[in-house]
Amino acid sequence: MKRAIFPGTFDPFTIGHYSIVMRGLELFDEIVIGVGINQSKRTLFSVEKRLEIIRQAFIDEPRVKVMSYNSLTVDFAQLVDARFVLRGLRSVGDFEYERTIGDTNHILTGIETVILFTEARYAHISSTVARDLISYGKDITDFLPPNVKL
Ligand code: ADP
């Protein structure tokens, strides 16, 4: 059984995140999406709302589980018995950040990070831009996974 976690803040979960998970299901038997609760990070959406959006997106996908966590990512991975961390990469900006965390996690526990490049059509999608649009009253349905309503 190959299980991966897909950790993130997901404030909110976008179609870019959704695409990474769907493609990850080709590689892994099960993916546990971990919604990180970081006390020092203010989020627009509550953890309950972030979980609800993700559950709506994967309602028909039994191989995807959704949980919140407030520990180190590697401890969350060990808790759910996952040997892989799935992450998505949009740009060189993402690369430096992902490499530092991936290296640290590997040194700490031997866990492997598996990175998928974003689909080009989603490269511009980010939770930050989605939140900006919301703050100006814009509709962000196109940024969300299929069948998700806020
Ligand atoms: P974090 O706060 O941990 O960076 P995010 O919710 O911003 O969490 O992102 C979680 C993961 O999803 C990261 O690996 C990020 O690079 C990836 N990701 C975010 N947006 C996209 C996108 N449009 N396409 C592919 N991957 C993405």
Side-chain angles (χ1 to χ4, degrees), residues 2-28 30-58 61 63-80 82-109 111-135 138-148 150:
K2 276 200 167 57
R3 183 181 291 121
I5 58 164
F6 182 54
T9 311
F10 307 129
D11 185 35
F13 195 87
T14 68
I15 195 162
H17 296 128
Y18 177 80
S19 156
I20 297 291
V21 173
M22 292 308 287
R23 291 164 62 211
L25 287 173
E26 300 276 326
L27 304 171
F28 301 107
E30 189 172 290
I31 297 177
V32 182
I33 301 177
V35 176
I37 306 173
N38 183 338
Q39 313 296 357
S40 63
K41 228 180 189 175
R42 287 270 314 147
T43 57
L44 178 64
F45 293 94
S46 66
V47 64
E48 292 76 20
K49 185 68 190 176
R50 285 182 276 153
L51 289 166
E52 184 199 313
I53 290 170
I54 303 170
R55 292 203 173 107
Q56 270 184 57
F58 295 103
E61 187 41 82
R63 292 194 294 135
V64 174
K65 312 273 186 252
V66 188
M67 291 169 66
S68 62
Y69 72 101
N70 60 5
S71 61
L72 266 180
T73 297
V74 287
D75 290 338
F76 174 62
Q78 276 171 350
L79 178 78
V80 301
R83 284 184 296 125
F84 305 94
V85 178
L86 176 64
R87 296 283 285 179
L89 201 78
R90 282 162 296 187
S91 62
V92 285
D94 283 350
F95 173 81
E96 288 298 338
Y97 179 72
E98 295 297 338
R99 191 183 52 178
T100 307
I101 298 185
D103 282 351
T104 307
N105 289 346
H106 191 252
I107 289 164
L108 284 175
T109 61
I111 198 163
E112 291 290 1
T113 298
V114 175
I115 304 256
L116 293 179
F117 292 112
T118 185
E119 286 185 71
R121 61 186 162 147
Y122 300 139
H124 66 291
I125 300 226
S126 70
S127 299
T128 308
V129 173
R131 289 195 303 276
D132 282 348
L133 290 171
I134 290 169
S135 73
K138 300 286 180 206
D139 178 68
I140 60 151
T141 306
D142 288 350
F143 275 54
L144 297 175
N147 306 316
V148 169
L150 282 184

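Both counts, for ligands and for their atoms, begin at 1 and track the order of listing.
The salt bridge (charged side-chain N to carboxylate O under 4.0 Å, His left out) check on R131 picks up D11, with sequence neighbours excluded.
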Quick one: side chains of residues 93-104, donor-acceptor pairs under 3.5 Å with protein atoms, not counting sequence neighbours, listed by atom name and distance.
unit_1	atom_1	unit_2	atom_2	d
D94	OD1	R90	NH2	3.4
D94	OD2	R90	N	2.8
D94	OD2	R90	NE	3.0
E96	OE1	R99	NH2	3.2
E98	OE1	R87	NE	2.8
E98	OE2	R87	NE	3.2
E98	OE2	R87	NH2	2.9
T100	OG1	E96	O	2.9
T104	OG1	T100	O	2.7

Please tabulate, for side-chain N and O atoms in residues 19-26, each donor-acceptor pair with protein atoms closer than 3.5 Å (sequence neighbours left out).
unit_1	atom_1	unit_2	atom_2	d
S19	OG	E119	OE2	2.7
R23	NH1	F117	O	2.8
R23	NH2	F117	O	3.2

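The environment of NZ in K49 is crowded: more than 12 heavy-atom neighbours from other residues, nucleotides or ligands sit within 6.0 Å. Taking a 6.0 Å sphere around CG of N147, one finds it holds 12 or fewer heavy atoms contributed by other residues, nucleotides or ligands.
Under 4.0 Å is where a charged nitrogen must lie from a carboxylate oxygen, and between E30 and R3 at least one such pair does.
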Just list the N/O pairs, ligand 1 to protein, that are under 3.5 Å apart, with the distance for each.
unit_1	atom_1	unit_2	atom_2	d
ligand 1	2 (O)	T9	OG1	2.6
ligand 1	2 (O)	K41	NZ	3.2
ligand 1	3 (O)	R87	NH1	3.2
ligand 1	3 (O)	R87	NH2	3.3
ligand 1	4 (O)	R87	NH2	3.4
ligand 1	6 (O)	T9	N	3.3
ligand 1	6 (O)	F10	N	3.0
ligand 1	6 (O)	H17	NE2	3.4
ligand 1	8 (O)	T9	N	3.2
ligand 1	9 (O)	H17	NE2	3.3
ligand 1	14 (O)	R87	NE	3.1
ligand 1	14 (O)	G88	N	3.1
ligand 1	14 (O)	G88	O	3.2
ligand 1	14 (O)	E98	OE2	3.3
ligand 1	16 (O)	G88	O	2.6
ligand 1	20 (N)	R90	NH1	3.3
ligand 1	23 (N)	Y122	O	2.9
ligand 1	23 (N)	I125	O	2.8
ligand 1	24 (N)	T118	OG1	2.9

